[in-house]
Every structure is written in C-alpha cells, then in structure tokens.
J.: 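This structure is in structure tokens; I'll ask about it shortly.
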Amino acid sequence: MGKTLRERLAILADAAKYDASCASSGTTRRTSKDGGLGSTQQSGICHAYAPDGRCISLLKILLTNFCIFDCAYCINRSSSNVERTRFTAEEVVWLTLEFYRRNYIEGLFLSSGIIRSPDYTMEQLVRVARDLRQGHGFKGYIHLKTIPEASPALIEEAGLFADRLSINIELPTDTGIAEFAPQKQPAQIRRAMGGVRLRMEAAKEPTLQTKRRQKFAPGGQSTQMIVGADGASDATILGTSSRLYSGYGLRRVYYSAFSPIPDASALLPVLKPPLLREHRLYQADWLYRFYGFSIDEITAAQPDGMLSLDLDPKLAWALAHREMFPVDVNTAPREMLLRVPGLGTRGVASVLAARRHQALTLEDLARMRVSLRKVKPFLCARGWSPLQLSDRVDLHALFAPEPEQMSLF
C-alpha cells in the first residue's frame, strides 16, 4: 500500500470521527489484577464518559475506509474520491496494546468500511477482539461496530469478546434509507438488532450446570442516526428512537448532525443542520428515558414537529403548560418535580431526601446546586411563592437567548 503505519493511522483515525456512538458506559467491572492486561475500571484519543463521570480514552479507528457500499451521506462511500488505506487485524492489535502500555488509552473503538463482503469484514473485526482477549489477555474496553448484513454467528461471536456492540440504523425512516443508502436493508438492520437483544437476554440466565451467567456484550448495544440528511422532523427521529429503545433494549441512541462532504450527491442538503439541533435531540432523548415524558409531549409544542432551538425541551414544555405550575417543592410527587425546569434527577433525589427532615427554602435548593433562575417561576418553597411571575406574558423572553449579530461572511 506504500504508506507507513503512522500515515495510515492518521487517515483511519480521521475517517472514524463521523461515528458518534463511542461511549464506554455500562460495561462489567473487568480488571487485570489477577492476570492479563488492561482494565475497564481504572481512569487512564477519543474521550467517552462512564456513568460515574470518569473520562475514558479510547483508540477510535476504522479497520479500513475502503467500502463496497455507496451510501450518499458517507465520506467513505465507494464513489468518494478520498485517500484509501487499511490496517491488518494484527496491526490493530499491536496499536491497541502499544497505546495502552503508554497509558494513552483504556480501550478500543473499532469500526470499518465493508470490503469484499460483510462476512469477511466482520471476521476481521472479530479476529481483532478475539486476539486481544485470548491471545494477549486484554481486559480493557472493546466496542465493535457490527455489520448487520454479516451472518448471525459472526455477530454472536463478536459479543463474546466485545463490551458493547453497535449497529447503525443510519436514518430515521425506511424511506430515507432506501433513498440515500439503497444497498442497506432496514429489515436486516432490525433483524440483527433483535438477534443481539435475544442473545443478551439469554446470557443473563444462569446455566443449568454451573449456575453462572455468561458474558455477552455486557455494555449492551447502541445505534446512531444521522440528523438533517433527509427531511425527517425531530418528532419522527424521536419516535424512531423510542421504538428502538422499547423494541431492542438499546443502551443509547446517538444523533449525528449531517456534515456536508466533498462531491456530495445532489440529493443531500447543501448546508449542515445547526449543531444545536443535535443537542436538543439529546436533551429530548434524556427526557424520554429518565424523566417520564412521552415523545408526543416533548414534540407537541411546535406544529411542525421540530424542537425549539431557543429553549431546551423541558422548559419549552413547561411554558406551554403553565396551568400545571407552580408546584410545591415540599409536597409535590417525584413525577411532577422531574418536570420542573432546572431540577434534574439528582436534584429531585436530593429534594426528596432533604424534605423529610425540614421544609425547604430557596437557599436550601441553592445549596443543592439547583439553578434558581430556572426553578423560581415554577415552584413554591418555604418563604417563596412566584405570585404573578409564572403568569407574566414575557416569561418566554426571560429564558430566550440573547440576540446575536449575524455575519454576512
């Protein structure tokens, strides 16, 4: 191929930047203290965050940016005029171990373009994970991006060695996939996701002989959707996400704002969507998963099914339902407190614990690091009532961002 390892690493690490689904949360507490190499517990290229807030560094690369598919939105599509290269499985193993020994990383995120066939590519990905685990005793984090068109046996083998598997849904609608990625089959993607879920559920059951549970992708599975490449509204995107969460037990759905690429198809938009739209989708996703909101509640504020870019979804909902506020911080149930702008899950837990012992004031909430600017119009506390504040006509303007001077260039 005529390129040095360093040159190939630069190309394939840059090509992997478009994949957002690279978190390392939810895995088992595997450690090498009894032998082997690496750990998923210790704090250490790509930075991901564990549930407890630890920052975990991952080597995030593609096995190759060659691809036989021609997805319109992908920089590595077969018709793209990009510089191509690849690693061998042995080179990826060596890079992972050497980066780990130098304390650069704590794990590996490995994806790939599809070369020769889906099965051949999946075999190479599995080979890397198997060699790291069995050949070198690597106990660190491994995330494999699996290929839904590959055989179920290969995907199953991948789950035996990887902490997390991910299968990209690509676009929120089957129509969008048919238009922009005609070689991908939405039914096959869902079938592969379903197979992974069934295998994870089977692994949780103890065996009859040993009574021990098996390990199969203990960090679960995730997926990624591209936002803004097609005309799907935020309501459509979130509706697809909710079906994926409930139907396939996904740990995370990642949203990736479409980024215009060189020599792009005329079908694609010329301008990329605002990154704030991606952020709002993550906020709405969080409300659905942890705050008890339904997708219809989150997206009903705008008639076109789009989330407000000026206000976060929770605040937008509260302003549209002023008749439900203010709520009493000392008596309201947990479900209603979670709907108060400025109160997160940890803040609500702190409120519920503290109010058992005393009636709470705004000063108490401030000590809990609650944003008083957001909560004051929406709740009552000891010594505080918003009175006419929640009825102000300009309440929306109080929370709207400051106007910015637009640039012509």
Side-chain angles (χ1 to χ4, degrees), residues 21-36 38-42 48-54 56 58 106-111 122 125-134 137-148 150-169 187-224 240-254 285-286 288-292 345:
S21 53
C22 148
S24 56
S25 60
T27 187
T28 55
R29 293 184 175 273
R30 181 171 41 238
T31 178
S32 59
K33 65 181 181 180
D34 298 323
S39 171
T40 59
Q41 300 183 60
Q42 306 302 319
Y49 292 89
D52 58 4
R54 290 177 300 114
I56 298 175
L58 304 177
E106 296 173 88
L108 171 68
F109 177 93
L110 183 61
S111 184
M122 196 68 224
L125 297 175
V126 172
R127 182 179 173 184
V128 170
R130 181 175 58 240
D131 195 14
L132 282 170
R133 296 292 194 215
Q134 297 182 343
F138 184 71
K139 303 297 178 63
Y141 179 81
I142 297 178
H143 183 153
L144 291 184
K145 182 57 64 70
T146 53
I147 300 169
S151 71
L154 285 169
I155 297 178
E156 181 171 344
E157 187 178 5
L160 300 176
F161 303 113
D163 291 277
R164 175 173 285 188
L165 300 178
S166 56
I167 303 173
N168 281 359
I169 194 70
Q188 180 60 42
I189 295 173
R190 292 189 286 268
R191 191 177 302 115
M193 286 182 173
V196 170
R197 177 179 185 174
L198 290 175
R199 187 64 181 83
M200 287 192 297
E201 291 175 347
K204 294 177 182 178
E205 298 296 328
T207 61
L208 292 175
Q209 293 182 343
T210 65
K211 304 300 182 183
R212 296 179 59 185
R213 291 175 173 83
Q214 299 175 318
K215 288 183 179 180
F216 183 88
Q221 66 171 323
S222 59
T223 192
Q224 176 175 326
T240 298
S241 296
S242 67
R243 291 191 292 273
L244 293 173
Y245 281 126
S246 60
Y248 303 100
L250 296 191
R251 187 65 60 88
R252 286 291 301 273
V253 174
Y254 292 87
D285 183 283
W286 215 253
Y288 169 74
R289 294 164 61 205
F290 301 111
Y291 287 76
T345 53

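Side-chain atoms are counted along with the backbone in the values below, which use heavy atoms only and exclude waters and symmetry mates. Starting from 1, each residue takes its place in the sequence as its number.
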J.: For D285, check salt bridge (Lys or Arg N to Asp or Glu O under 4.0 Å) against everything at least two apart and list the hits.
T.: R289
J.: Out of curiosity, Y245 OH to R252 CZ, how far, rounded to the nearest 0.5 Å?
T.: 6.0 Å
J.: Between S166 and K145, which heavy-atom pair has the shortest distance, and what is it?
T.: OG-CE, 2.6 Å
J.: Is the NZ or CZ atom of R133 both under 6.0 Å from the centre of the six-membered ring of F161 and within 45° of that ring's axis?
T.: no
J.: Any side-chain heavy-atom pair from Y288 and S241 closer than 4.5 angstrom?
T.: no
J.: Treating T223 as the side-chain partner and I167 as the backbone partner, does any N or O pair qualify as donor plus acceptor under 3.5 Å?
T.: yes
J.: Rounded at 0.5 Å granularity, tell me how far OH in Y248 sits from CZ in R243.
T.: 10.0 Å
J.: Could you tell me which non-hydrogen atom of R130 sits nearest to which non-hydrogen atom of E157, and how far apart they are?
T.: NH1-OE2, 2.6 Å
J.: Looking at Y254, is its backbone amide N or carbonyl O close enough to the side chain of Q224 to form a donor-acceptor pair, meaning the two atoms are under 3.5 Å apart?
T.: no
J.: Quick check: closest heavy atoms across A158 and L144, and the distance to 0.1 Å?
T.: CB-CD1, 4.0 Å
J.: Please give me the minimum heavy-atom distance between L165 and A217, naming the atom from each residue.
T.: CG-CB, 4.1 Å
J.: Quick one: sort the Y141 and H143 rings into parallel, tilted or perpendicular, breaks at 30° and 60°.
T.: perpendicular
J.: Can you tell me how far the CD atom of Q221 sits from the OG1 atom of T146, to the nearest 0.5 Å?
T.: 7.5 Å
J.: Closer than 3.5 angstrom, by distance alone: can the side chain of S222 be matched with the main-chain N or O of V253 as a donor-acceptor pair?
T.: no
J.: Starting at CG of L198, measure out to CD of E201 and round the result to the nearest 0.5 Å.
T.: 6.0 Å
J.: Quick one: does V196's side chain get under 4.5 Å of M193's, heavy atoms only?
T.: no
J.: Can a donor-acceptor pair be found, under 3.5 Å and without considering hydrogens, that links the side chain of D163 to the backbone of I142?
T.: yes
J.: Closest heavy-atom contact between L58 and L108?
T.: CD2-N, 4.1 Å
J.: Of all heavy-atom pairs between G107 and F138, which one has the smallest distance, and what is that distance?
T.: CA-CZ, 4.3 Å
J.: To the nearest 0.5 Å, how far apart are CG in N168 and CD1 in I147?
T.: 11.0 Å
